[in-house]
Each structure stands twice: as structure tokens, then as C-alpha cells.
Amino acid sequence: MFLMFLVIVASTDFVPINDFAELDAVAAPTDFGLLIIMSEDSVANKAITFEVLESIEIMDPDGETDISLYFVTMNASGYSEMANIAGKFGGFPTVVSLVGHCGFLELDPEFLASEIEDAWYTWGGGSTQGICNYCTRCN
């Protein structure tokens with residue numbers, strides 16, 4: 001069942017992440033992305049994955065929005081560290097918006113579509129620099 005889920009997720013451009021070091025390696029300072037922190041419940045994992053994709057499609061039917069998509073599974077080496085930034089809205093799976101390397105905001109799954117849209121227009125938007133302040137970490 002888990003392998004089937006990984007195939008579905010992989011075919012929709014989600015990138016598997018093991019820990020923050022991997023995320024740092026693939027994210028640029030001004031990137032905007034969404035990270036799904038998975039649970040043991042494969043049905044719930046699939047549901048939230050499809051909700052993320054549907055939300056992006058509704059927000060951007062032409063597919064021109066540049067949102068990076070990641071996921072971390074429970075067996076990943078950095079899962080517990082990544083899960084520490086989320087889960088307050090009812091546990092896992094959950095979605096976190098990522099702005100560059102430094103901004104992490106858990107999105108409320110009850111309002112996921114509007115939360116994704118709000119996060120994109122607040123920090124992503126393409127024409128903004130997100131929340132990056134060009135510190136020495138990346139620049």
C-alpha cells in the first residue's frame with residue numbers, strides 16, 4: 001500500500017525529503033513550496049495529497065504557478081524533527097508552506113485550499129522575495 005502511494009505521489013512531482021539538510025539542498029532562498037508531513041494512515045495521506053494538487057489546480061488552472069512540492073514519510077531520518085513544526089491542527093498528515101529556507105507555516109487542513117492560496121499570494125507570488133532578508137545563511 002505504501003509503495004502504491006509513493007508511485008502516485010512521485011507521478012505528481014512531489015519530491016521525497018528525508019530531513020532539513022535535504023530540503024536546504026533543493027530549496028533556494030526565495031522559493032515557495034508545500035511540504036506534506038505524512039502519517040501512518042495511507043488513506044489520509046492520499047486525501048491530503050490530492051487536496052493539495054486540487055487546490056493548486058483551482059488557484060492556477062494554467063499551471064504557471066511555481067510551487068515546489070515535497071513530502072516526508074514517517075520512516076525518513078528527519079521525520080520527527082520536521083514533524084515538530086506541525087501537527088497542532090489535529091495531527092498528521094498535515095501541510096506546511098515553505099518560504100525559502102527560513103519560513104515554515106503549518107496550514108489548517110480544514111481550510112487548506114484558501115490557506116494555500118493565501119500563503120502563495122502573501123509570500124510566493126513570483127514577483128516578491130518571500131520572507132527572505134538575504135542573511136548570510138544563503139547569500
**Study point:** E106 side chain to T94 backbone, donor-acceptor under 3.5 Å
**Key:** no
Exercise for review: Calculate, to the nearest 0.5 Å, the distance between atoms CG and CZ belonging to L107 and F89 respectively.
Suggested key: 8.0 Å
Revision key, fill the gap. Here the gap from F32 atom CZ to T122 atom OG1, rounded to the nearest 0.5 Å, amounts to 8.5 Å
Exercise for review: Step by step, work out the side-chain contact (heavy atoms from CB on, under 4.5 Å) result for F104 and L98.
Suggested key: CA-CA 5 Å; F104 302 96; L98 310 168; 3.1 Å; yes
Practice item. Compare every heavy atom of F71 with every heavy atom of M38, then report the nearest pair and how far apart it is. Key: CE-CB, 3.6 Å
Check your understanding: To the nearest 0.5 Å, what is the distance between CG (L23) and CE (M82)?
Key -> 5.0 Å
Revision key, fill the gap. CD1 (I85) and CG (L35) are apart, to the nearest 0.5 Å, by 6.5 Å
Exercise for review: Nearest 0.5 Å please: distance from the CG atom of N45 over to the OG atom of S39.
Suggested key: 4.0 Å
Exercise for review: Hey, could you give me the OG1/NZ distance between T49 and K46, rounded to the nearest 0.5 Å?
Suggested key: 10.0 Å
Review point. Applying the side chain to side chain contact (heavy atoms under 4.5 Å, CB included) test to L53, which of L69, I48, I58 qualifies?
Key: L69
Exercise for review: Please name the pair of heavy atoms, one in D19 and one in S77, separated by the smallest distance, quoted to 0.1 Å.
Suggested key: OD2-OG, 3.6 Å
Review point. Does a donor on one side chain sit under 3.5 Å from an acceptor on the other, for T73 and N75?
Key: yes
Review point. With the 4.5 Å side-chain cut-off for hydrophobic clustering, are V26 and Y79 part of the same group?
Key: yes
**Study point:** Under the side-chain hydrogen bond (donor to acceptor under 3.5 Å, both in side chains) test, residues paired with S55 that sit two or more places apart
**Key:** none
Check your understanding: Partners of E22 by side-chain hydrogen bond (donor to acceptor under 3.5 Å, both in side chains), sequence neighbours excluded?
Key -> N18
Exercise for review: Decide side-chain contact (heavy atoms from CB on, under 4.5 Å) for V52 and F14; before the verdict, give the C-alpha distance in whole Å, the side-chain angles of both, and the deciding distance to 0.1 Å.
Suggested key: CA-CA 11 Å; V52 166; F14 279 84; 4.1 Å; yes
Check your understanding: What is the minimum heavy-atom distance between I67 and M59, and which atoms define it?
Key -> CD1-CE, 3.7 Å
Check your understanding: Are L105 and Y121 grouped together when hydrophobic residues (ILVMFWY) are joined by side-chain heavy atoms under 4.5 angstrom apart?
Key -> yes
Practice item. Of all the heavy-atom pairs spanning A86 and I37, show the shortest one and how long it is. Key: CB-CD1, 3.8 Å
